[in-house]
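In this chain, numbering begins with 1 at the start of the sequence shown.
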Amino acid sequence: MKRLLLLATPLLSFQSIANDTLIESIERFTDIFSVSLSQSPDNDKTVATLDINYQLTDQFRIFGEVDTRDYWQAGLGYSFWQGDTYYTENNLKVSEHEINTGIFAAKLIHEQWTLLAELNYNFMDKDSEFDNAASKVQFNIADTFDYGIGTLWSPVKYVDILYKFNHEIGVTKDSRNLYVKNDYPILGIDSGHYKNKDRFNHHYHEVAMFLNLKYLKPSVTYTFDLEYSDNNFVEFGLAFDF
């Protein structure tokens, strides 16, 4: 899936926790907007993304993003359980072909270390069909659920380093239906219906560094897949906090 959990970047850039509770640190990063640049793994084009977070109340926030690939997402978060050293949020996100609902949690375990976790269910509306004179192809995409586990290290006041492991799994198998309309003896293909099913199963890693400057918070994130290096990309971000 694209990006860190929306709550984690740049929301969870805590600076020093010594003089703030966890929730106070989080709230400093829910009334900001940020821009980022990354290279799309699909076509090597640079993708620009705008993120906006706005804290409505102590418990509710709205957020969204839009990028130059015409992708958009809007969401609502509700923090149902929070304290000096822990924070949780239920969230609902909507985009053109997905509805996502999930839970995010953060737990301060040391002045410099915070544990992060999330669990989401993704309702997919990505079925597609391609038809021409020779064949017709149908893709049926199953719903998925994903989880992420990570840690945020804040060694000094102005630097935070994040590592996160992510895993997305299909609830059922995706299906691909190929209808060949004519025989092609040279290719050894007969007319008919060919069907293939497999379950989506993808895991990847993220490493990010945030600089906590006054009003500006630059970041760099490296997302990598140990099995398919073509999916690796770097994202440069800049959050504004006025």
Quiz item: Do Val159 and Met209 come within less than 4.5 Å of each other through their side chains, counting heavy atoms only?
Solution: yes
Self-check item: Cluster link Tyr179 to Phe139, ILVMFWY, side chain under 4.5 Å
Solution: no
Practice problem: Measure the OG1-CG distance between Thr46 and Leu37 for me, rounded to the nearest 0.5 Å. | Solution: 7.0 Å
Quiz item: Only one of Thr223, Asn166, Leu226 forms a side chain to side chain contact (heavy atoms under 4.5 Å, CB included) with His205, so which one is it?
Solution: Leu226
Practice problem: Supply the atom-to-atom distance Asn122 CG to Asp143 CG, rounded to the nearest 0.5 angstrom. | Solution: 8.0 Å
Quiz item: Going by an N to O cut-off under 4.0 Å, is there a salt bridge joining Glu98 and Lys126?
Solution: yes
Exercise. State, to 0.1 Å, how close Arg61 and Leu76 come at their nearest heavy-atom pair, and which atoms those are.
Key: O-CD1, 3.2 Å
Quiz prompt | Pairwise distance CD(Gln138) to CG(Asp127) - rounded to 0.5 angstrom | solution = 9.0 Å
Quiz item: Should Lys181 and Asp131 count as an ion pair when the cut-off is N to O under 4.0 Å?
Solution: yes
Self-check item: Nearest heavy-atom neighbours spanning Asn231 and Phe233
Solution: O-CD2, 3.5 Å
Quiz item: Quick one: are Tyr87 and Leu108 in side-chain contact, heavy atoms under 4.5 Å?
Solution: no
Quiz item: Which one of Glu168, Glu118, His167, His203 satisfies the side-chain hydrogen bond (donor to acceptor under 3.5 Å, both in side chains) criterion with Tyr147?
Solution: His167
